Amino acid sequence: MREYEKEYRESWTHIFEADPGEADKFYVNVAYPYPSGAMHVGHGRTYIVPDVIARYYRMRGKHVLFPMAFHVTGTPVIGISRRIANGDEKTISLYRDLYRVPEDVLEKFVDPDEIVRHFSREYERVMRHCGLSIDWRRRFTTVYPQYSKFIEWQYLHLMEGNHVVRGAHPVKYCPQCDNPVGDHDLLEGEKAEIVKFVLIMFKWNGFMIPCATLRPETTYGVTNLWINPDVIYRKVIVDGQKWILSPEAAKKIGLQDHIVEELGEIKGSELVDEKVSHPFCGEVPVLPATFVDSDMATGIVMSVPAHAPFDYIALRDLQAEGEYTSIEPVPLIVVDGYGKFPAKDAVERSGVRDQNDPGMETLTQEVYSAEFSSGRMLPQYGGHPVKIAREEFSQIMLEQHGSLVMYEFDVRNVVCRCGGDVFVRILKDQWFLQYSDPVWKEEVHEQLRDIEIVPAEVRAEFDRTVDWLNDWACTRRIGLGTKLPWDKNWLVEPLSDSTIYMAFYTIAHKLIELEAEKLTPEVFDYIFLGIGSPDNLPLDKEMVEDLRSEFLYWYPYDFRFSAKDLISNHLTFQLFHHKAIFPKELQPKGMVVFGMGLLEGAKMSSSKGNVILLEDAVEDVGADTVRMFLVGSAEPWQDFDWRRELVSSTRKQIDRFINTIEESSDNDEEYPIDKWLISRIQDHIANATVAMDSFQTRQALQEAYFAIESDLKWYRKRLPGDVRSSAAVKRISNSWIRLLAPFIPFSAQKLWEEAGEEGSVAFAPWPECDDSLVNPSLELAEELLSRTVEDIDSILKLIQIEPSCLKLFISPNWKLRVFEMISQAPDKGKVISEIMKDEDMRKRGKEATDAAKQITNLIHRLPPQVVERIVSVSIDENEVFENAREFIEKEFGLPLTIVYADESTHQKARQALPFKPAIIIE
RNA sequence: GCGAGGGUAGGUAAGCCAGGCCAAAACCGGCGGACUUAAGAUCCGUUCUCGCAGGAGUCCAUGGGUUCGAAUCCCAUCCCUCGCACCA
């Protein structure tokens, strides 16, 4: 941390507060943080990149709005506070040791509000340390009553537009907590997915025996059922119908919107050898099998030995003992690479021995996916591909054969943090945002076409996400949040309440001063949509008009920034919501998507402790260093890697910049090479500007810092003796400081003041390229000189004689004409014969054709801009070297002779080409 | 598995869309040197191989192909990152 950083951040408390004005606006915003822990450097980049952009546009003369708020709705902090209250060591250590929360504050964390209050304060403090140019007056959290009013207004409109519908929804649910649980609440089975089974109903003795399957299309091939003889099954009444289920299944079905009454018990073994029936397969026996898990689905399984390896092997084992030998697999599906009975082939090929072999799972997967992707039903079963038949059969079973749906996890052992088992439960009356609506989707697709997306490659991902999104359950029973206005039993789900808050920011500082009760839907209708009249609202007319005009000044936003992991939810959601609420002219204009962060090559993760806290980094190397590293080591959309070594070298680079500027301050010597330096700077300004316009912060820094530094290196080489600085350096300093101001605002401000400039460099104009200072012939001359110096260098390195003199042979004029002809020829293949049509050339004979070949080669090696310049700008090579005579002689410690090649008879002289003099060292 | 993106010299990374500017920018690291009592900082040189003349050879995940010419275009394979939902 540098002293002046502390000083400036105090004086920046209010200067970035933004109000509407005459100038054009530029509105950037970023996905607000959920403040449940300390920020690490990965978070830092998320906010620093938009800050650099905000600062850039401010210098471009825009009124820039860069607001910040805190997302606190949802359940995570509730879970955290509960865990802290319960004395959970892992959580306490995370907060005490990694986030370094003081003991007395930590004690208060049993109240979830305290957690967000503490960390949102910390966030603001650290963000200020980083020099973020945020208008903090607009800060709010998502539980402010005024914000809730805004959410209510939004949802009333969504309801009105038929974007919210009601339905049933399967969720992960913990009976012990009596609540739905998210993945982060799980102790085990974090990746568990809810799978939808179809229950095939077999009749037995007045009971239904439901078998759960993912493959209803195989029902024709059922040869028997499997039951675990050791399990005591339940006789139950489900929705008035008698069923047999495993005890676990009875409980599960009860959670899935069915009424289950106990009737009695029946041991699995009692059902063995009983006959059951289904219209698709007729009467089949129930057989015993140990692989049947009573905790999987219904605990009774239908057997399709032709297509299921488990079934095949279990049947084979029984038949090996001479039992049930009359049962034969019934094939239904043909699939490439397998014979009549795919399950049989797979088992025999793999060599698994019995049904308890661990290889059975993968074998099952193999057969299932082969049949699903390329299998086809036999003609007597419809002949459709399995992909299609599965849907058809499922439909028929559910509609005509009494089948029901049962949800189950794809893995065993899903356990809640409380220690209780988690089940699938159907939540009724759940509200959904109908993202599945094809009309809405199409509108979003259309809108997406007008949005600038950076980088362009992620556009495809957005379009995919729009297509892929299904209805989103947008209400919750628990957590912090806003009550659904028409159904107060529900809270708006946390991602669903954060979709158009960028509009709220535009007037947040004014709204949070008002009484929430006065923010009726009519008030918001007028402010945001211009609907209705400003008269007769709960607020003064002038106030409402003022809010409306400020909103319209800022909106729509210009760019929203976020990490790429939010594409598949938040960033796409907000497009849907903007489309549903706002008119065409207020739709988002652009989005910038970030890459992720690594730490010394490994993934950054708070829970693994593999993080550098942002505050520590700032304290350690200074805010400017952190900023410059985070935006300069990779482009925003690339992953960045925080490496200590690189970070500390960044600090040195800033030091070097400061030194250069400071040592130029009292210098007013002038030199011939000055014009070159000043000319070059124009180019870097132009390039840096282009890079910034396309959010390439890394490229911009390459131009604004490293390219200038490398020019300075050459410039200094061209200054006499030990001179390091000059009036020209002082002159470019002013631009250079401003070029770097968005990146390293603290150091830039310090240098700005030292240079005697008034006010804040943050509001100084961004440098502009002055074309009148660009001097192409001088740049070309220096290019020629430096290339020649390089050539001389490499020759000196190779030769072993002690050099005593240096001769340069200047290419004759006719070769330059050849150069011009070749460089402008549309067809390089024919150019030589074209050249030889020239009288003057023809008389030179072989010398001319040789030169043409060499020149063609040379042109290929030179950068096109240089070739273009050589042709368009004429420089006198003799004069260039004559002017640099002193420099060259000093550089190599050799006397220099300059000769026109055509005046020499030296063998080498003939090698002289335009822009490549022949060199002799003797 | 599915969807999206990516693999370039010791590391980060530019170049790829619009094929010859490419042995391939820039930064970091390594090595050598200058300065210094020393270290750091700074500066100079060097960092694929070969070469006593500015050059040549091999190279851009792997294997094929297109082309006079491929890091760049096409196909296949392998590997990595992100997302796959009710969670911020």
Side-chain angles (χ1 to χ4, degrees), chain A residues 31 33-34 36 71-77 169-172 180-185 191 193-194 365 369 373 427 430 432-433 435 455-465 467-476 493-496 498 563-570 593 595-596 598 601 603 632-635 637-641 643 645-650 652-653 655-656 659 698-699 701-703 705-707 709-710 713 716-717 724 787-788 790-801 828-829 859-867 908 911 916-921:
Chain A
Y34 187 89
S36 65
H71 191 216
V72 302
T73 35
T75 53
V77 284
H169 179 59
V171 294
K172 293 172 189 168
V181 288
D183 284 349
H184 53 278
D185 292 322
K191 284 178 294 178
E193 280 186 55
I194 295 175
Q365 272 309 316
S369 51
S373 55
L427 278 192
Q430 172 65 263
F432 292 90
L433 284 162
Y435 294 143
E457 297 85 69
V458 301
R459 180 179 292 280
E461 208 176 337
F462 274 102
D463 275 315
R464 276 290 179 176
T465 302
D467 288 334
W468 164 84
L469 273 178
N470 223 322
D471 291 350
W472 181 266
C474 64
T475 51
R476 284 300 103 86
E493 183 271 336
L495 289 189
S496 308
S498 299
K564 66 178 169 185
D565 52 350
L566 294 189
I567 293 174
S568 64
N569 48 57
H570 166 74
V593 175
M596 313 301 284
L598 301 174
K603 194 186 281 183
S633 65
E635 298 294 4
W637 41 89
Q638 297 170 325
D639 294 350
F640 76 93
D641 189 0
R643 286 179 187 266
E645 221 169 37
L646 294 183
V647 174
S648 58
S649 80
T650 303
K652 284 178 213 159
Q653 282 152 0
D655 286 338
R656 215 151 56 216
N659 285 342
R698 179 182 203 275
Q699 181 60 29
L701 263 178
Q702 291 284 326
E703 288 289 340
Y705 180 80
F706 296 104
E709 212 190 27
S710 116
K713 209 164 153 180
R716 283 175 177 147
K717 222 171 171 168
R724 277 184 53 80
R787 280 173 179 272
T788 307
E790 247 172 64
D791 281 351
I792 296 169
D793 252 332
S794 68
I795 295 167
L796 280 172
K797 239 166 252 151
L798 282 171
I799 58 170
Q800 303 210 323
I801 56 163
K828 309 264 189 241
I859 285 173
H860 277 311
R861 289 165 170 271
L862 291 169
Q865 308 90 291
V866 171
V867 173
K908 278 274 174 192
Q911 280 186 16
K916 198 162 181 67
I919 299 163
I920 307 274
I921 297 167

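Quantities reported herein were computed from a predicted structural model and do not represent experimental measurements. Chain letters run A, B, ... following the sequence lines, proteins first and then strands; every chain starts at 1.
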P spacing across the pair B:C87 / B:C79, given as an integer number of angstrom: 34 Å
Check for a donor-acceptor pair, side chain of A:Asp639 on one end and backbone N or O of A:Met596 on the other, with a separation under 3.5 Å. yes
Distance, rounded to the nearest Å, where A:Lys717 contributes NZ and B:C43 contributes P: 13 Å
Spacing between A:Ile859 atom CD1 and B:G69 atom P, to the nearest angstrom: 22 Å
Residue matched to B:G1 through Watson-Crick or wobble contacts both under 3.5 angstrom: B:C84
Paired with B:G32: which nucleotide, if any, by Watson-Crick or G-U wobble criteria at under 3.5 Å for both distances? B:C44
Work out how far the P atom of B:G65 is from that of B:C80, and round it to whole angstrom. 28 Å
Whole Å only: how far is the CG atom of A:Asp565 from the C1' atom of B:C84? 13 Å
Whole-Å distance between B:A53 P and A:Arg787 CZ? 22 Å
Of A:Trp468 and A:Phe640, the one whose closest nucleotide on RNA chain B sits nearer the 5' end is A:Phe640
C1' spacing across the pair B:C16 / B:U72, given as an integer number of angstrom: 4 Å
May I have the distance from A:Arg464 (atom CZ) to B:A4 (atom P), rounded to whole angstrom? 5 Å
Between B:C68 and B:A13 - C1' atom distance, rounded Å: 32 Å
Hey, is the main chain of A:Gln653 close enough, under 3.5 Å, to the side chain of A:Tyr705 for a donor-acceptor pair? yes
Check whether any side-chain nitrogen or oxygen of A:Ser568 sits under 4.0 Å from OP1 or OP2 of B:A4, and answer yes or no. no
Whole-Å distance between B:G45 P and A:Glu790 CD? 11 Å
Do any N or O atoms from the side chain of A:His71 and from the backbone of A:Ala31 form a donor-acceptor pair under 3.5 angstrom? no
Just do the side chain to side chain contact (heavy atoms under 4.5 Å, CB included) check on A:Ile567 and A:Thr465 with the steps written out, would you? CA-CA 8 Å; A:Ile567 293 174; A:Thr465 302; 4.1 Å; yes
Please enumerate all residues that pass ring-ring contact (aromatic ring centres under 6.0 Å, His included) together with A:Trp637, with sequence neighbours excluded. none
A:Leu495 side chain near A:Ser498 side chain, heavy-atom distance below 4.5 Å: no
Partner lookup for B:U37, please. Criteria are Watson-Crick or G-U wobble with both distances under 3.5 angstrom; report none if nothing qualifies. none
Identify whether any heavy atom of A:Ile567 sits under 4.0 Å from a base atom; if not, whether one sits that close to sugar-phosphate; answer base, sugar-phosphate or nothing. nothing
Applying a 4.0 Å non-hydrogen cut-off, can you work out what A:Ile792 is touching in the nucleic acid: base, sugar-phosphate, or nothing? nothing
Which of the following nucleotides, B:A14, B:G54, B:A85, is nearest to the side chain of A:Glu635? B:A14
Separation between the C1' atoms of B:G10 and B:C48, rounded to whole Å: 12 Å
Quick one: does A:Gln638's side chain have a donor or acceptor within less than 3.5 Å of a partner on A:Glu635's backbone? yes
Please examine the side chains of A:Val72 and A:Val77, heavy atoms only from C-beta on, and report whether any two atoms are closer than 4.5 Å. no
Could you tell me how far B:G15 sits from B:G6 if I compare only their P atoms? Round to whole Å. 12 Å
Check every strand shown and say whether A:Leu796 touches a base, only sugar-phosphate, or nothing at a heavy-atom separation below 4.0 Å. nothing
Taking the side chain as every heavy atom from C-beta outward, state whether A:Lys916 and A:Asp791 have any atom pair closer than 4.5 Å. yes
Kindly say whether, by distance alone, the side chain of A:Asp791 makes a donor-acceptor pair under 3.5 Å with the base of B:A53? no
So what does A:Asn470 hit on the nucleic acid, given a heavy-atom distance under 4.0 Å: a base, only sugar-phosphate, or nothing? base
Determine yes or no for a side-chain-to-main-chain donor-acceptor pair under 3.5 angstrom, with A:Ser649 supplying the side chain and A:Leu646 the backbone. yes
Now, which nucleotide makes the Watson-Crick or G-U wobble pair with B:U77, with each of the two distances under 3.5 Å? B:A61
Describe the nucleic acid contact of A:Asp639 in one word from base, sugar-phosphate, nothing, applying a heavy-atom distance below 4.0 Å. sugar-phosphate
A:Arg643 or A:Ile919, whichever maps to the more 5' nucleotide of RNA chain B: A:Arg643
Work out how far the C1' atom of B:G7 is from that of B:U12, and round it to whole angstrom. 14 Å
Let me know the distance between CZ of A:Phe432 and P of B:A85, rounded to the nearest Å. 15 Å
P gap between B:C22 and B:C31, integer Å: 30 Å
Candidates B:C84, B:U81, B:C52 - which lies nearest the side chain of A:Ile799: B:C52
Is A:Pro917 touching bases, backbone alone, or none of the nucleic acid, heavy atoms closer than 4.0 Å? base
Under 3.5 Å, which N/O atoms of the protein pair with N/O atoms of nucleotides 23-32 of chain B?
residue : atom : partner  : partner atom : Å
B:A26   : O2'  : A:Gln702 : OE1          : 2.9
B:C27   : O3'  : A:Gln653 : NE2          : 3.0

Describe the nucleic acid contact of A:His71 in one word from base, sugar-phosphate, nothing, applying a heavy-atom distance below 4.0 Å. sugar-phosphate
Report the distance from atom CD of A:Gln638 to atom C1' of B:A13, rounded to the nearest whole Å. 7 Å
Determine the contact category for A:Ala918: base if any of its heavy atoms lies under 4.0 Å from a base atom, sugar-phosphate if only primed atoms, P, OP1 or OP2 are that close, otherwise nothing. base
For B:G54, which nucleotide in any strand shown is its Watson-Crick or wobble partner with both distances under 3.5 Å? none
